[in-house]
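Below is one structure, written out as structure tokens; the observations come after it.
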Amino acid sequence: MQQSNTPRDIPPGCPAHGNIELFGNEFGSDPERHYDLLRSMGPSAPVDIAPGVQVELVTGYDEALYFLQNPAWFVRDARRWNALNEGRVPEDSPALPMMGYRPNALFSDGAAHARLRRAVTDSLATIDELQFVRQTQQSADYLIGRFGAQPRGQADLMADYAQPLPLLVFSDLFGCPPEIGDRVIVGISGIFDGTAGADEVLAGALTELIALKHRQPGDDLTTRLMQHSAELSDEEVLHQLVTLLSGGTAPLTAAIGTSAALYLSEEWRSGLPVEDAVVQTLWDYAPIANYAGHYPTHDVELAGRTLRAGDPILISFAAANTDPKLKRHREQLSKAHLAFGAGPHACPAKDPAFQMTVTAVEALLNRLPDVELRVPFPELPWVPAPWSRSLVTLPVRFTPRPAPTAAGGPAHTETRPSGAAPRTGASPHRPAASAAPQRKSGLFSSFVAWIKGE
């Protein structure tokens with residue numbers, strides 16, 4: 001393995017000096033500079049995605065589409081990973097939880113992939129759009145009620161809003177009782193934070209959830225997966241739930257945070273709809289920045305480089321979306337960004353994900369109409385990890401607002417931001433957010449207690 005270096009150490013086009021590191025503070029402080037340097041080496045280049053872990057990173061838009069749309073030549077089964085099979089990947093590598101094989105649709109090919117994906121897409125298709133929006137608004141109201149009435153009038157929207165909101169919605173969609181929902185949130189949050197034992201916490205919670213749904217089926221995603229005609233085993237159900245959680249929490253956190261920051265920034269053009277800010281986020285700050293492991297079934301040539309069979313190829317959605325070749329055609333391409341992937345493994349929940357992001361930002365603007373950034377957008381810090389393009393913090397200030405009363409009360413009569421979509425009516429059963437208890441048992445338990453008025 002060659003010695004790794006940072007871009008400041010490497011002249012463009014000089015890979016003999018080592019691979020570019022796609023992790024750490026140097027990368028997090030300026031990802032675009034890293035992508036520009038990689039583009040100078042061609043449409044793909046070798047990088048270190050983690051210490052001691054080399055992958056080929058595709059940065060060109062056309063080339064990314066080629067890999068994504070040719071599953072027969074570039075498969076997703078990580079059990080083909082040469083370096084892993086040869087013991088050259090550190091056992092404690094942070095790349096393993098992200099790239100290691102799991103028996104789910106993301107890491108499957110052919111008939112196995114079609115069977116698992118059908119179960120996921122069919123189950124997701126049963127989600128009622130209006131109910132989903134209400135769930136998102138209800139979760140947003142609860143979280144804003146926790147920090148919006150604080151007399152200091154300040155918050156970190158990443159920790160206080162963008163991170164917990166998708167977790168509340170997914171715990172509800174999965175049909176989690178409060179105690180299991182708490183552990184699901186702790187487990188999936190810990191996996192992305194690198195907390196030891198988080199994977200076991202999540203697996204234990206989901207195993208209990210599946211056992212509960214065998215005894216007490218419900219109107220939820222877990223039950224629909226278990227009852228699908230594909231006849232998934234309990235292990236397969238568990239891993240599809242993990243995929244939905246990992247694919248729907250960290251990326252949505254990133255999308256909500258960045259879209260809110262962009263909309264509130266001086267760089268944003270005042271008066272445009274929230275939807276436009278979300279679309280620009282998906283183009284310029286792809287929430288899933290570098291992922292989608294592919295393994296060539298045979299050696300292939302790409303721009304004079306030989307990509308060996310079984311060596312991992314990752315797609316840089318972030319770099320492909322900002323490929324300079326697209327600059328002149330971005331408006332015509334409209335929603336042709338790769339933030340949700342492409343081809344047979346494209347995200348099956350892109351419409352709910354887009355809707356949740358828009359709803360979350362609009363709810364924030366409706367409830368706190370004078371909210372503003374405390375740090376200019378260009379100075380906000382980014383997470384120094386390769387997988388997700390996410391802000392570390394998003395400090396804001398606002399005029400403290402009383403917690404909402406019932407639907408239709410004073411808290412819901414604020415003027416909407418220009419271009420924002422009309423709000424769907426919230427649940428008439430929602431009590432005042434001031435009744436929200438402190439986090440004694442966990443986030444989801446507190447949320448459920450708030451809904452019940454306890």
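In this text, all values refer to a predicted model and were calculated from it rather than measured experimentally. Residue numbers run from 1 in the order of the sequence given. All values below come from the heavy atoms of this structure, side chains included, with hydrogens, waters and symmetry mates left out.
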Is there a side-chain contact between [X] and [Y] (heavy atoms, below 4.5 Å)?
{"X": "H239", "Y": "F107", "result": "no"}
{"X": "L443", "Y": "S171", "result": "no"}
{"X": "F170", "Y": "I185", "result": "no"}
{"X": "W73", "Y": "P296", "result": "no"}
{"X": "F447", "Y": "P178", "result": "no"}
{"X": "T393", "Y": "P381", "result": "yes"}
{"X": "L244", "Y": "L124", "result": "yes"}
{"X": "L173", "Y": "V169", "result": "yes"}

Working to the nearest 0.5 Å, report the span between [atom1] of [X] and [atom2] of [Y].
{"X": "L252", "Y": "S388", "atom1": "CG", "atom2": "OG", "value": "10.0 Å"}
{"X": "M226", "Y": "L241", "atom1": "CE", "atom2": "CG", "value": "9.5 Å"}
{"X": "D219", "Y": "T126", "atom1": "CG", "atom2": "OG1", "value": "7.5 Å"}
{"X": "Q138", "Y": "L168", "atom1": "CD", "atom2": "CG", "value": "10.0 Å"}
{"X": "E372", "Y": "E266", "atom1": "CD", "atom2": "CD", "value": "10.0 Å"}
{"X": "Q227", "Y": "K213", "atom1": "CD", "atom2": "NZ", "value": "10.5 Å"}

**OP:** Please state whether the rings of W450 and Y142 are parallel, tilted or perpendicular, taking 30° and 60° as the class boundaries.
**Re:** tilted
Side chain [X], main chain [Y], donor-acceptor under 3.5 Å:
{"X": "H34", "Y": "D30", "result": "yes"}
{"X": "D141", "Y": "I144", "result": "no"}
{"X": "N290", "Y": "I315", "result": "no"}
{"X": "D323", "Y": "G60", "result": "no"}
{"X": "Q240", "Y": "P103", "result": "yes"}
{"X": "D109", "Y": "R76", "result": "yes"}
{"X": "S445", "Y": "G442", "result": "no"}
{"X": "H345", "Y": "H113", "result": "no"}
{"X": "T222", "Y": "F174", "result": "yes"}
{"X": "Y263", "Y": "V278", "result": "no"}

**OP:** Check the pair S44 / R305 against side-chain contact (heavy atoms from CB on, under 4.5 Å), numbers first and verdict last.
**Re:** CA-CA 9 Å; S44 76; R305 288 178 48 78; 4.3 Å; yes
Are a donor atom and an acceptor atom from the side chains of [X] and [Y] found within less than 3.5 Å of each other?
{"X": "R39", "Y": "Y35", "result": "no"}
{"X": "R134", "Y": "Q137", "result": "no"}
{"X": "N104", "Y": "T243", "result": "yes"}
{"X": "S259", "Y": "T281", "result": "yes"}
{"X": "T253", "Y": "Q163", "result": "no"}
{"X": "T359", "Y": "Q355", "result": "yes"}

**OP:** Check step by step if side-chain contact (heavy atoms from CB on, under 4.5 Å) holds for H228 and D122.
**Re:** CA-CA 8 Å; H228 192 271; D122 289 351; 2.7 Å; yes
Shortest non-hydrogen separation from [X] to [Y] and the atoms involved:
{"X": "P71", "Y": "V75", "value": "O-CG1, 3.5 Å"}
{"X": "V237", "Y": "L232", "value": "CG2-CB, 3.8 Å"}
{"X": "A95", "Y": "W387", "value": "CA-CZ2, 3.9 Å"}
{"X": "G28", "Y": "P31", "value": "O-CD, 3.7 Å"}
{"X": "N321", "Y": "A286", "value": "ND2-CB, 4.0 Å"}
{"X": "G257", "Y": "L394", "value": "O-CD2, 3.4 Å"}

Subject >> F398 and Y161 aromatic centres sub-6.0 Å >> reply: no
Original post:
Between F74 and Y66, does the ring centre distance come in under 6.0 Å?
Top reply: yes
**OP:** Could you walk me through whether R102 and D199 pass the salt bridge (Lys or Arg N to Asp or Glu O under 4.0 Å) test, one step at a time?
**Re:** CA-CA 12 Å; R102 295 177 186 266; D199 211 348; 3.5 Å; yes
Original post:
salt bridge (Lys or Arg N to Asp or Glu O under 4.0 Å) between R115 and E236: does it pass, once the steps are laid out?
Top reply: CA-CA 11 Å; R115 170 177 167 269; E236 288 174 328; 2.9 Å; yes
**OP:** Would you check, one step at a time, whether the test ring pair (Phe, Tyr, Trp, His ring centres under 6.0 Å) holds for F317 with F67?
**Re:** CA-CA 12 Å; F317 301 108; F67 286 106; over 10 Å; no
How about [atom1] on [X], more than 12 heavy atoms from neighbouring residues, nucleotides or ligands closer than 6.0 Å, or not?
{"X": "E129", "atom1": "CD", "value": "no"}
{"X": "E86", "atom1": "CD", "value": "yes"}
{"X": "D234", "atom1": "CG", "value": "yes"}
{"X": "E301", "atom1": "CD", "value": "yes"}

Subject >> L37 and I20: CA distance, side-chain angles, deciding distance, side-chain contact (heavy atoms from CB on, under 4.5 Å) verdict >> reply: CA-CA 9 Å; L37 180 53; I20 292 177; 3.4 Å; yes
Original post:
After noting the C-alpha distance and the side-chain angles of E32 and R389, does the key distance pass the salt bridge (Lys or Arg N to Asp or Glu O under 4.0 Å) rule?
Top reply: CA-CA 11 Å; E32 286 79 9; R389 184 74 150 108; 2.4 Å; yes
Return all side-chain donor-acceptor pairs below 3.5 angstrom for residues 202-210, not counting sequence neighbours, or 'none' if the list is empty.
unit_1 : atom_1 : unit_2 : atom_2 : d
T207   : OG1    : A203   : O      : 2.7
E208   : OE1    : R183   : NH2    : 2.8
E208   : OE2    : R183   : NH1    : 3.4
E208   : OE2    : R183   : NH2    : 3.1

**OP:** Step by step, work out the side-chain contact (heavy atoms from CB on, under 4.5 Å) result for S108 and D77.
**Re:** CA-CA 6 Å; S108 300; D77 190 338; over 6 Å; no
Original post:
Can a cation-pi geometry be assigned to R79 and Y101, taking NZ or CZ under 6.0 Å from the six-membered ring centre and within 45° of the ring axis?
Top reply: yes
Subject >> Criterion ring pair (Phe, Tyr, Trp, His ring centres under 6.0 Å) on W382 and F27, from CA distance to verdict >> reply: CA-CA 9 Å; W382 299 94; F27 171 71; over 10 Å; no
